[in-house]
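Basis for what follows: all heavy atoms, side chains included, without hydrogens, waters or symmetry-related copies. Keep in mind that this is a model prediction, so the values were computed, not measured. Start at 1 with the first residue, then count along the sequence.
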Amino acid sequence: MARPDEEEGAAVVPGHPPAIGYLPVPGEAPAGKVSAETQNGPKAGSLALNAVSRGSPKETSGALDRPKTPPAPEEETQAWLLPRGPGEETPGAEDTLVPRTALSPRRFVVLLIFSLYSLVNAFQWIQYSIISNVFENFYNVSSLHIDWLSMVYMLAYVPLIFPATWLLDTRGLRLTALLGSGLNCLGAWIKCGSVQQHLFWVTMMGQCLCSVAQVFILGLPSHIASVWFGPKEVSTACATAVLGNQLGTAVGFLLPPVLVPNTQNNTELLACNISIMFYGTSAVATLLFILTVIAFKEKPQYPPSQAQAVLQDSPPEKYSYVKSIRNLFKNIPFVLLLVTYGIMTGAFYSVSTLLNQMILTYYEGEEVNAGRIGLTLVLAGMVGSILCGLWLDYTKTYKHTTLTVYISSFVGMVIFTFTLDLGHIIIVFVTGGLLGFFMTGYLPLGFEFAVEITYPESEGTSSGLLNAAAQIFGIFFTLAQGRLTSAYGPQAGNIFLCIWMFVGIILTALIKSDLKRHNINKGITNGDIKAVPVDSPTDQESKTILMSKQSELAI
């Protein structure tokens, strides 16, 4: 059953006609008299959003004359209204409007389906590199060829992220989800036709399709969390969505060494084992695509939070994707986060890709344990992700949590580096788990921190740019660490990553924490917040939403 969220405030729009999902609620201040002026001038305390109608006074007058539209019937949700103060009259007594917000039970279905097909996509990313020596012998190719089966995920993301985020922002969540799940399914089936020693190019083609599918997957966790979940659960929901991808990586570490053991002297048995893995993946991907078609919806009937209510009431023609990108790159805290997230996540990608080579350098014949160490690394990270999400929902201490986890990841990387060659593989399990707890636990932190400091820009766009930075750093780190590992050993490659992670700590400490989304949900404004930059004189004269203590008391 849906529950009210005490953190949600309401922006009062004098004279603004109620849209679907909005109800008139009595207030203490008459329409047109709500304002906020401080010693800094009339702009201080004002909130300019593209949810406001930016028409002429004539259009505004016409809006006032239009009849108020009752809310649409509830579908599967049980909606609630923001509580009225004691002694207030029935709704409709005044012109003050409060968004109707609700939590839909369907949000859990959407989150589960997304997490599962994200899991399959991540599994296909790592399924080659964790048994790289097996595929090298089967296809008669070099280790670099197998590394590229992993790095193609990173390479494809960079040029495709902009059209993918544009599609998400303009065509919506459902279409983006269908493309991600559908391409993931198609790539898995193409791989089924590559189980012959001369068909390496076919398996590469299937992996390329899966890498394109990833572009429509990695940027969705924060978007799904914001669109479907309330303020008290949004960070946990984002962490859970990221968890699916991490779990896929964990399964990718665990299953391939078990399903495809190293049987070099029996090529037919090896081909049969590879086929079992490929066909099993395809069957699961197909089932999840069907579920996505059936159950995945664009958004709930009512917004889950005040911040979403403001954005969803925005006219589509007011949005500009190019200006949104421009705004993000003008946001210095976001640019710093872009670099630091790229360093951390790129380091994780590099360690995951080269883990098999690092382990086998010191522990020959331990392919299965290499997979188990990778599994330990990711499972510990999954626990870290959930704990970080819960902590953020409880405290909202985004910067402090992010910086603490970053420093802990650096310490874990140093310990992992200098204990890898001790000759006791149990130590590698422990240090790998410590490293994974913090390094992969950082992933949802970056997403949620970005949404907070860039609101009201699109969550999909900010997350997409973070992932693009991660792919760029991932390619660079994988190639550089791979070269250092081959020439000087795993320790040299890991020290290289430690240096970069230390740089990331310094840059994270410089990020200014301005929790814009949280402030909107709390009814707090710190100056003008604009979803789209205002350039023209006409737009500069557009109407703003003014919030004051009087309007908050009315709500």
- Donor-acceptor pair between S150 and S129 side chains, under 3.5 angstrom: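 Judged by distance alone, the side chains do not pair up.
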- Any side-chain donor near an acceptor of the partner, N331 and T454, under 3.5 Å: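 No pair is found: no donor N or O on one side chain lies under 3.5 Å from an acceptor on the other.
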- From the list L291, V109, L175, L173, side-chain contact (heavy atoms from CB on, under 4.5 Å) with F296 holds only for L173
- Message: Test side chain to side chain contact (heavy atoms under 4.5 Å, CB included) on F138 and V195; report intermediate values, then the result.
- Response: CA-CA 9 Å; F138 181 76; V195 191; 4.3 Å; yes
Checking [X] side chain against [Y] main chain: does a donor-acceptor pair fall under 3.5 Å?
X    : Y    : result
S194 : K191 : yes
Q357 : L354 : no
R171 : T176 : no
S282 : A188 : yes
R483 : A480 : no
T345 : G342 : no
S211 : C208 : yes
Q471 : N467 : yes
R106 : W228 : no

Ring geometry between [Y] and [X] (parallel below 30°, tilted from 30 to 60°, perpendicular above 60°):
X    : Y    : answer
Y442 : Y406 : perpendicular
F114 : Y117 : perpendicular
Y153 : W125 : tilted

How about [X] and [Y]: do any of their side-chain heavy atoms sit closer than 4.5 Å?
X    : Y    : value
L466 : F334 : yes
L336 : T508 : no
N273 : L259 : no

- A241 to L111 - nearest heavy-atom pair and separation: CB-CD1, 3.7 Å
- Message: On a heavy-atom basis, which atom in T281 and which in M277 lie closest, and how many Å separate them?
- Response: OG1-O, 2.8 Å
Please report the interatomic distance [atom1]([X]) to [atom2]([Y]), rounded to the nearest 0.5 Å.
X    : Y    : atom1 : atom2 : value
T340 : F449 : OG1   : CZ    : 8.5 Å
L186 : S181 : CG    : OG    : 11.5 Å
L149 : M204 : CG    : CE    : 4.0 Å
M413 : L497 : CE    : CG    : 4.5 Å
Q481 : F476 : CD    : CZ    : 11.0 Å
M344 : M439 : CE    : CE    : 5.5 Å

- Task: I would like to know whether F278 and T203 meet side chain to side chain contact (heavy atoms under 4.5 Å, CB included); could you show each step before the answer?
- Result: CA-CA 10 Å; F278 284 168; T203 209; 4.0 Å; yes
- Message: Determine whether T353 and D147 satisfy the following criterion, side chain to side chain contact (heavy atoms under 4.5 Å, CB included), listing intermediate values before the conclusion.
- Response: CA-CA 7 Å; T353 301; D147 288 344; 4.3 Å; yes
- Task: Tell me, with the steps shown, if V141 and F135 meet side chain to side chain contact (heavy atoms under 4.5 Å, CB included).
- Result: CA-CA 8 Å; V141 295; F135 279 104; over 6 Å; no
- Query: Does the pair F200 and H145 meet the rule for a ring-ring contact (aromatic ring centres under 6.0 Å, His included), with working shown?
  - Reply: CA-CA 9 Å; F200 176 79; H145 284 80; 5.8 Å; yes
